[in-house]
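First up is the structure itself, then whatever we jot down about it.
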Amino acid sequence: MSILKYLDLIIPSEWNKVRLATIANIIDPEPSHRAPALADGEGFPYIGIRDVNNDGTVNTVTARPIKEESLIEQEKRFKIDDGDLIFCRVATLGNPKIIKIDKRVALSATLALIKPKREKVNNIFLLYLLDSDYIKLQTELYSTGSTRKSLGMETIRKFEVLVPPLDIQNAIAEYLFEKMTVLDNIIEGKKRSIELLEQQRQSIITEAVTKGLNPNVKMKDSGVEWIGEIPEHWNVTKIKYNTYVKGRIGWQGLKSDEFVDEGPYLVTGTDFKNGYVEWSTCYHISEERYNEAPPIQLKENDLLITKDGTIGKLAIVKDMPSKAILNSGVFVTRPVNEKYLSEYMYWLLSSNVFDKYISLMETGSTIKHLYQETFVNFSYPLPSLKEQEEIVKCLNMKINDIDNIAHLVKEQILKLKEYRQSLIYEAVTGKIDVREMELD
DNA sequence: CCACGTAGAGATGCCCGCTG
DNA sequence: CAGCGGGCATCTCTACGTGG
């Protein structure tokens, strides 16, 4: 019957196993048949889990407003005190926080308000306890509903919890608070370094396609706003001088209900994965439709670029399994003379040079587009074929390295989060004696 | 107190209809 | 009437409200 006996737990003798209701009062902020009256425009914030920040402060801007009568009705039933906790009981289950408010707010019916009995429990200890894996396990096991998970109030009250004497709770709370602060800072730092890597990635690409690889080369002004200075021996050219550009324009009346499971591949922007076309996710169309539009039939090594909604997402056509053609929202590009390498164009269009151009050309319209006219008039710096080859080689290597590092850091973050959970679990189940631990 | 479907926002793929 | 500028429609994501 007891959930805790399934967990391999040896509890220190002075710890007690109790129901959550013994150590805290659990209040349903808005029992049904008491739905709050919504205010149109001005009113008092009605707080759901999405309106509570990580530190427990509430975001009264995102919260929807209710009429004061509803708030007063809630205030008649209870008051939110300093140190009270909230626990989400619908959809996003759990997610406990110590709520901090500095103005009058009402709590949504989807939250349970947990008021710790201070003579029995330290509220910070309770916070970590509610965040621990053994509570998560009970949350999962006892939640009901199929399309939507929910936790009954009685279920929450009946959660089995392990509680040591107050002095030990205080020690655990202090220990975990310090540890978590440190861990959270490290995790934050790792997240930031991923952002930095992303920036570094962009600047390496941009540097390479605007300055080349030789740092000592003489520079000149390109005369183009979004390019800046380039090596003296480089030229500025436009897409339209060297490139074949076509999209599924005019539509030939193709509609999505003509998409079928077999036949020529139909490539759209969502099929772009890591710079290549992911053939397995493509739709297909009939042979007749394929033959109808020769200008957008694809060839090996074509460079594709998205133009509607998502702008500038790129893919190179490689290992084409059979005939393939463009869907809408994408341009196919192909060199018409031997002036550039497709892979070089890939890096150039990934660079900030192109981003800058796009943002300069952006219109005020609600939906973002890259118009053919805009695209073919993109001026860009172009070195010799030999230099392009060197740059491509260099970027392939450097960017691969950066992507590998970013991948590693992401894995570290996952590991740290796991460690965070296990530390909480061990501390609130008495597996580690925090009084013997050094806080550093 | 349980059980259930959906609103709202944002993103963007798909398509329409005008025009030179 | 091909080709283009422009925008609607639909999907995804997230967290909610209420009838029985």
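Sequence lines set the chain letters: A, B, ... in the order given, protein chains first and strands last, and positions in each chain run from 1. Side chains are part of it too, since the values below use all heavy atoms of this structure and drop only hydrogens, waters and symmetry mates.
Atom CD1 of A:I285 and atom P of B:dC14 are 12 Å apart (whole Å). If you measure from atom CG of A:D271 to atom P of B:dT12, you get 14 Å, rounded to the nearest angstrom. The interatomic distance linking A:Q74 (CD) with C:dG17 (P) rounds to 12 Å, in whole Å. When rounded to the nearest whole Å, the span between CZ of A:F272 and P of B:dG13 equals 9 Å. Between the CZ atom of A:R89 and the P atom of B:dC4 there is a distance of 16 Å, rounded to whole Å. Between A:I66 atom CD1 and C:dT18 atom P there is a gap of 12 Å when expressed in whole angstrom units. Atom CD1 of A:I311 and atom P of B:dG10 are 18 Å apart (whole Å). Going from atom NZ of A:K149 over to atom C1' of C:dC16 covers 17 Å, rounded to whole Å.
Between A:H284 and A:Y265, the ring planes lie tilted relative to each other; the angle falls in the 30° to 60° range. Note on ring orientation: taking the six-membered ring where Trp is involved, the planes of A:Y134 and A:Y425 are perpendicular (angle over 60°, cut-offs 30° and 60°).
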**Request:** Might you work through the side-chain contact (heavy atoms from CB on, under 4.5 Å) test for A:F87 and A:I135, ending with a clear yes or no?
**Result:** CA-CA 11 Å; A:F87 193 85; A:I135 289 294; 4.3 Å; yes
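Residue A:Y371 has its side chain nearest to C:dG6 when only C:dT18, B:dG13, C:dG6 are considered. Among the nucleotides B:dC15, C:dG17, B:dA3, the one closest to any side-chain atom of A:S150 is B:dA3. Closest approach to the A:E373 side chain among C:dG5, B:dC14, C:dG17 is made by C:dG5 (side chain taken as heavy atoms from C-beta onward). Each of B:dC2, C:dG17, B:dG13 was ranked by its minimum atom distance to the side chain of A:T110; first place goes to C:dG17. Relative to the side chain of A:I49, the nucleotides B:dC14, C:dC16, B:dA3 differ in distance, and C:dC16 lies closest. The side chain of A:V90 sits closest to C:dC16 out of C:dC16, B:dG13, B:dC2.
Geometric assessment of A:K318 against the ring of A:Y276 yields a negative cation-pi assignment under the 6.0 Å and 45° thresholds.
Between A:R50 and A:R157, it is A:R157 whose nearest contact on DNA chain B lies nearer the 5' terminus.
Side-chain N/O atoms of A:N327 and base N/O atoms of B:dC14 include no donor-acceptor pair closer than 3.5 Å.
Two rings, from A:Y380 and A:F354, have their centers 6.0 Å or more apart.
Note on A:T268: a side-chain N or O is less than 4.0 Å away from OP1 or OP2 of B:dC14. Note on A:T306: every side-chain N or O is 4.0 Å or more away from OP1 and OP2 of B:dT12.
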